[in-house]
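One structure is given here, and the rest of the page talks about it.
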2 protein chains.
Amino acid sequence: MTTTNARPRSGRRPGASGTRAAIAAAARVQFGDVGFDRTTIRSVAAAAGVDPALVMHFYCSKQQLFVETMALPFDPAPVVADLLAGERETIGIRLAHFLLHAMEDPAVSTVLLGRIRAAASDPEAARLLRDLVPGELVGPLTRELGVDQPELRAGLVSSQLIGFAVARWIVGVEALAALDVERSIAFLGPSLQRFLAGPLP
Amino acid sequence: MTTTNARPRSGRRPGASGTRAAIAAAARVQFGDVGFDRTTIRSVAAAAGVDPALVMHFYCSKQQLFVETMALPFDPAPVVADLLAGERETIGIRLAHFLLHAMEDPAVSTVLLGRIRAAASDPEAARLLRDLVPGELVGPLTRELGVDQPELRAGLVSSQLIGFAVARWIVGVEALAALDVERSIAFLGPSLQRFLAGPLP
DNA sequence: GTCTATAAGCAGATAGAC
DNA sequence: GTCTATCTGCTTATAGAC
């Protein structure tokens, strides 16, 4: 990202080779696969083919490596705007549609699953996940919809979204892992719709 | 459990003091609070007021300590039977009722949250959780209900149950943490009902 | 920008004394 | 049943040479 920015200026180039990017890529994969604790600076360095000290040189600490590397590869704001622009009766299914298709991209799934895995044992990572899912993604949706109890609705939607991700990709429930994207959307959509805009007791 | 079994026999007593139970209690708390990786033999021993080597003496390995200590404190079978005995139109709300009330008991919540936390980074723990929630708890329910796609339904129900637990107790979504038990049941019930016995696309 | 060397500490597990 | 002592290996992080 930083090293290969498509804007050739006249000054001297910021980085030399793609080493930093290679480290980031390796870290992303490992954080996504085995979580924060079981990812080590050494194993990341080995996977990237560099010295462990170089990882520290670029990212200063393991925590910072996690934060910089687990940034969402897309901006949630326009997505939220798009969802709000459509019909409210189908917003649940369209939210499911967007997220489940996004999870097909390893760059997205790795980051989301990595954040979930880390949140399971680290309170600080839990805050990061809270800020992202009910915070940036679902919260603005329910607040702009003009429904009652928007925060509660955002929490309920988040619980089903996180739960499906955990059950499908982390716990590995077979019947869910066997689903294709379109069927997953069809099953989750109605539940999300009820939480988002349906009547709540 | 093992040391203080209420059946005074004539032979010599199996254990000496409640040390083993104290270790188990301390381990349960730590596994539940911070997960498998961040729980150490040494910290468990310190909390129980014993020597670390004693923990190994009783449980042989950290893995075995986890397995023996994270056993469900109740038998799922009669619970499933009870749920199946009632009206099918209310089985979703009754399942939510049972589980959310069970989570009020620290002995239950500690075990379930500990298993979820561990599953996030350990594939073997993920299998334990898979065997428990879609396996022993929800699976028999959907299979006995006589509905179509019982395994898929069990997976979907599990995803919402696990997701609520993760969002409410692990990620700490405020709007969910603020809910009382009865309101939680009222919100989750209909979603569970649809997954359990409702029409699926 | 890249690496060597090393600090400083904690992990799980083992052997064996009492 | 309980503890002392220790082995072996791993961790993050730092200082500094090239």
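In the text below, chain A, chain B and the rest are named by the order of the sequence lines, each starting its count at 1.
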- Task: Take atom CZ of B/R42 and atom P of D/dT6, then tell me their distance rounded to the nearest Å.
- Result: 14 Å
- Message: Within a 6.0 Å radius of atom CD on A/Q63, are there more than 12 heavy atoms belonging to other residues, nucleotides or ligands?
- Response: yes
- Query: Given C/dT2, D/dG1, C/dT4, which nucleotide is nearest the side-chain atoms of A/A53?
  - Reply: C/dT4
- Note on the structure: Whole-Å distance, B/K62 NZ to C/dG12 C1', equals 8 Å
- Message: How many whole angstroms separate atom CZ of A/R38 from atom C1' of C/dG12?
- Response: 13 Å
- Message: Does B/L54 reach a base, just sugar-phosphate, or nothing at all? Heavy atoms under 4.0 Å.
- Response: base
- Between C/dA13 (C1') and B/D51 (CG): distance, integer Å: 13 Å
- Query: A/I23 has an atom CD1; how far is it from atom C1' of C/dT2, in whole Å?
  - Reply: 10 Å
- Item | Spacing between B/Q64 atom CD and C/dG12 atom P, to the nearest angstrom | 15 Å
- B/I41 CD1 - C/dG12 P separation (whole Å): 5 Å
- Task: Give a yes or no on whether a salt bridge exists between A/E87 and A/R94, defined as a side-chain N under 4.0 angstrom from a carboxylate O.
- Result: no
- Item | Minimum-distance nucleotide to A/F58 side chain [options: D/dT14, D/dT4, C/dT2] | C/dT2
- Closest to side chain of A/S61, choosing from C/dT14, D/dA13, D/dT2: D/dA13
- When all nucleic acid strands are considered with a 4.0 Å heavy-atom cut-off, which category describes B/T39: base, sugar-phosphate, or nothing? sugar-phosphate
- Query: Should we say atom CD of B/E174 is surrounded by more than 12 heavy atoms from elsewhere, each under 6.0 Å from it?
  - Reply: no
- Closest non-hydrogen atoms of A/V108 and A/A102, given as atom of the first, atom of the second and distance, are CB-O, 3.3 Å
- Query: Which nucleotide sits closest to the side chain of A/M56: D/dT14, D/dC3, C/dA13?
  - Reply: D/dT14
- Item | 5' priority, DNA chain D, between A/T40 and B/G49 [closest heavy atom] | B/G49
- Message: Rounded to whole Å, please give me the gap between OH in B/Y59 and P in C/dA13.
- Response: 15 Å
- Query: Quick one: is D/dT2 close enough that its OP1 or OP2 comes under 4.0 Å of any side-chain N or O from B/T19?
  - Reply: yes
- Would you check if there is a donor-acceptor pair between the side chains of A/Q30 and A/S43 at a distance under 3.5 Å? yes
